[in-house]
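In this chain, numbering begins with 1 at the start of the sequence shown. Keep in mind that what you see is a predicted model, and the values were worked out from it rather than measured.
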Amino acid sequence: MLQILDDSGRLVGTPPDLDDKDLVEMYRLMALGRQFDRRAMNLQRQGRLGTFPPGEGQEATQIGSAYAIGPEDWIYPSYREHAVQLARGMPPVVMLSYFRGLPNRDWDVHRYRMNIHTIPIATQLPHAVGHAYAARLAGENLITVVYFGDGATSESDFHSAMNFAGLWKTPTVFLCSNNGWAISMPARKQTAAAALADKAVGYGMPGVQVDGMDVLAVYSATREAVERARSGGGPTLIEAVTYRYGPHATADDPTLYRSADELSAWRTRDPIDRFKRFLVREDLWSDDIDEQVTEEASKFDGALAEIEGWEEPPREEAVRHVYARVPEDLDRQFRTALEREGSPPSRIGRGEVRRTGRDGPPRGPTSRWTMAQAINATLLEVMERHDDAVVMGEDVGMTGGVFRITEGLLERFGAERVIDTPLCETGIAGTAVGMAIGGARPMVEIQFDGFVYPAFDQIVSHMARFRFRTRSNVSLPIVVRWPNGGGIAPHEFHADSPEAYFVHTPGLTVVIPSTPVDAKGLLAAAAESPDPVLFLEPKVLYRAFREDVPTGYYTLPIGRARIRRPGDDVTVVTYGGMVRVALEAAEALAGDGIDCEVIDLRTLKPWDRETVLDSVAKTGRLVLVQEPPKTAGMAAEVAATVAEEALYDLEAPIVRVAGFDAPWPQFGVEHHAIITSRRVMSAVEEVVNA
């Protein structure tokens, strides 16, 4: 274990090259960090702050590392790095407003080059790796430093981040504050490794264990790791062996799992007392230092008083930053709620509400393309138009993807922009988040629909929420594509339709085309979106048919349905692979004198309620068709909306045709679950005869 100062503050190793002013400043920041923690704890006990995670005991780890990081570098914290924030120049009002439970009013991540708190454990690690990759791709000479605790090393995101960083040789420093406890779980129950730093070996990077109560040792280890990363040497894992004297958070009682003797033993190694004794020996100490800290810390209470005097954020803050512009459906929900409460009207301007443009592809040269060819052409066009665009996923480079959708891109744009990633969906999605924060435009491919589940946490917890979390300070222009649905007789997890999980998630846009023309225009629109878009590709339609597709670059409006077949008797609403099934049923029914209007939603979130409601008002009957399980799917959402807003237009009960509430069967009996045109026809006949 690297150590420069022993517990008494005596030099036992070679000190770093720091001048006297730097040494005193490091002490000041450590002491100020402790004062911040103690005062915040007191304020929480008074009921003036929410749950607070103190970092007392970890000041040497935080200040020693922060002092070694350049002003151009980026920091990815967990939620206990208060001393790092102070060292970075973050005002106390910004730090305390978060724990007051207010929106991140002035936490500009670009100004402080520090991300906001990360609550899901270890999920920020892949973000730091992706950001570092994007910075290197853009020619920026910056590094990323990511902080986490010992418990985080048990998370899958730790593995994915370390593995990606080791393979990509990203300029990333992983700093683990090993305080021996993950709430009540001791380190011996987290890992069998003798030292957490040993884990670095398997990822092809150096692992350094340092005395985390020794600020000079932490500084030296971090500076070496920073210099190594900046010179192209790749990542480093630093394990700072430290301790937290207080609880995990104010809701925790550490006496339930830690002994008084253990706490007393660690108190003798107090990092601030140790460093103060060193300064005294070096004749650098003055009582004025502590007096200055006390005076500065006294302003913390005033900072909170200032926050308490703020006017409460307006009601529209609850919805304003979910998307770049408030979508029409969300605006409608919000205004309806205010009206029913008798509250004053919202101040959201109609200009913020996302409007869709004119529909239809442009005129000009066309080619007879399949959906697979149309998607491939769009990916190429996007990468040509945007130098910051990257394609990433499993097997997307050398083989062009399992469905050959990315074929030819590697040869055209090179391995730095067409990235064959490790087989780790959480790492793919997580590094994409970091790339987007770093200014890139990632287009992610998940190899199959059933493989998206490991990436669920990154998509739902971070992609979807980042704009809202940062009050639009950060945009994530990410497209996540995957082949969706059944119909090609695959094995388990290769025929899922998981769209409902993501439609339920605020902050995401979910698109699913059914024709080559729509696939090209909607994918281009998704790539231009400032918000993350999930682009689901019905694999049964990849090469099912060809149509004339404009070869030039064009976009189609997200959020606009299309009437595939006009009719007067029954409205049939569907999407994706079921569109062709519904059209086949409609044509057969026409021979029996039943005229169906078939609507292709195309976008599931936000979906086009106006087109559906107008059609129901005309026909008076509604049949909904979806391939995934029936419960809580898109059909249920559309049916509920029609029941709420157009009940008196209906002349018969709504009928849903949907998949069974069961896993998709093995390919040998897939036909037992597939929705046929005969099932759709029967449903329509049932509605007509009701």
Side-chain angles (χ1 to χ4, degrees), residues 329 484-487 497-500 503-504 510 512 514 538 540 561-605 607-662 664-665 670-690:
D329 57 340
N484 199 67
S497 299
E499 54 263 29
V503 169
H504 184 69
V510 183
I512 180 164
S514 67
V540 72
R562 176 168 287 176
I563 298 174
R564 295 294 178 191
R565 184 188 189 280
D568 295 319
D569 296 334
V570 183
T571 299
V572 179
V573 177
T574 187
Y575 61 89
M578 291 292 99
V579 172
R580 298 195 79 201
V581 175
L583 288 172
E584 182 182 334
E587 291 304 316
L589 288 164
D592 297 330
I594 300 175
D595 193 15
C596 296
E597 179 151 287
V598 178
I599 297 176
D600 176 3
L601 289 177
R602 301 196 298 179
T603 304
L604 306 186
K605 187 182 184 75
W607 65 278
D608 186 350
R609 56 186 288 282
E610 286 78 8
T611 296
V612 172
L613 293 175
D614 288 346
S615 179
V616 170
K618 177 178 65 173
T619 67
R621 292 174 171 83
L622 176 62
V623 173
L624 299 152
V625 184
Q626 67 175 43
E627 186 174 74
K630 183 176 185 179
T631 301
M634 273 305 300
E637 175 62 27
V638 176
T641 300
V642 172
E644 284 178 342
E645 302 186 32
L647 181 63
Y648 295 114
D649 290 329
L650 292 173
E651 299 175 17
I654 298 170
V655 173
R656 287 182 286 167
V657 181
F660 305 129
D661 284 350
W664 198 254
E670 182 188 44
H671 57 278
H672 292 323
I674 287 177
I675 296 174
T676 63
S677 59
R678 179 64 257 174
R679 282 180 64 187
V680 178
M681 291 172 63
S682 295
V684 171
E685 291 166 347
E686 178 184 335
V687 169
V688 170
N689 296 325

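Side chain of Glu627 to main chain of Gly486: a donor-acceptor pair is present (N/O by atom type, distance under 3.5 Å, no hydrogens or angles). Under a 3.5 Å cut-off, the side chain of Arg656 and the backbone N or O of Ala635 do not form any donor-acceptor pair. Without hydrogens or angle criteria, Glu670 side chain to Gly487 main chain gives a donor-acceptor distance under 3.5 Å. Formation of a donor-acceptor pair under 3.5 Å by the Asp661 side chain with backbone atoms of Lys630 is found in this model. Side-chain atoms of Gln626 come within 3.5 Å of backbone atoms of Pro629 as a donor-acceptor pair (strictly under, hydrogens ignored). The backbone N or O of Asp595 sits nowhere less than 3.5 Å from a side-chain atom of Arg565 that would complete a donor-acceptor pair. Within the 3.5 Å criterion, the main-chain N or O of Ser677 finds no donor-acceptor partner in the side chain of Glu584.
Summarising the geometry, atom CD belonging to Glu499 is positioned 5.0 Å from atom CG belonging to Asn484; distances are rounded to the nearest 0.5 Å. Annotation: the span from Met578 atom CE to Leu624 atom CG amounts to 14.0 Å, rounded to 0.5 Å. Note that the NZ atom of Lys605 and the CD1 atom of Ile512 stand 15.5 Å from one another [nearest 0.5 Å]. Rounding to the nearest 0.5 angstrom, the gap separating the CD1 atom in Ile675 from the CZ atom in Phe660 is 8.5 Å. In this structure, CG in Leu650 is found 9.5 Å from CZ in Arg621, a value given to the nearest 0.5 Å. Atom CD1 of Ile563 sits about 6.0 Å away from atom OG of Ser615, to the nearest 0.5 Å.
No more than 12 heavy atoms of other residues, nucleotides or ligands sit less than 6.0 Å from atom NE2 of His504.
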Please assess Arg678 against Ser682 for the test side-chain contact (heavy atoms from CB on, under 4.5 Å), listing each intermediate value before the final yes or no. CA-CA 6 Å; Arg678 179 64 257 174; Ser682 295; 3.3 Å; yes
Please step through side-chain contact (heavy atoms from CB on, under 4.5 Å) for the pair Asp569 and Thr619, ending with a clear verdict. CA-CA 5 Å; Asp569 296 334; Thr619 67; 5.9 Å; no
List the steps, then state whether side-chain contact (heavy atoms from CB on, under 4.5 Å) holds for Asp568 with Glu597. CA-CA 7 Å; Asp568 295 319; Glu597 179 151 287; 5.7 Å; no
The test is side-chain contact (heavy atoms from CB on, under 4.5 Å); show your working for Val503 and Glu637 and say whether it passes. CA-CA 10 Å; Val503 169; Glu637 175 62 27; 5.9 Å; no
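Val616 pairs in a side chain to side chain contact (heavy atoms under 4.5 Å, CB included) with only one of the listed residues (Thr611, Val638, Ile654, Leu622), which is Leu622.
Using a 4.5 Å heavy-atom cutoff, the side chains of Thr641 and Trp607 are in contact. Proximity of Val642 to Leu613: side-chain heavy atoms (C-beta onward) are separated by under 4.5 Å at one or more points. Looking at Leu589 and Glu685, their side chains come closer than 4.5 Å, going by heavy atoms from C-beta outward. In this structure, Cys596 and Val684 have side chains that are in contact, with non-hydrogen atoms separated by less than 4.5 Å. Two residues are said to be in side-chain contact when any heavy atoms from C-beta on lie closer than 4.5 Å; Thr603 and Asp608 fail this criterion.
In plain terms, the two heavy atoms of Gly577 and Val540 that are nearest each other are CA-CG1, 4.2 Å. The shortest non-hydrogen separation linking Ala632 to Ala500 is O-CB, 3.8 Å. The two residues Ser514 and Gly576 make their nearest non-hydrogen contact at CB-O, 3.5 Å.
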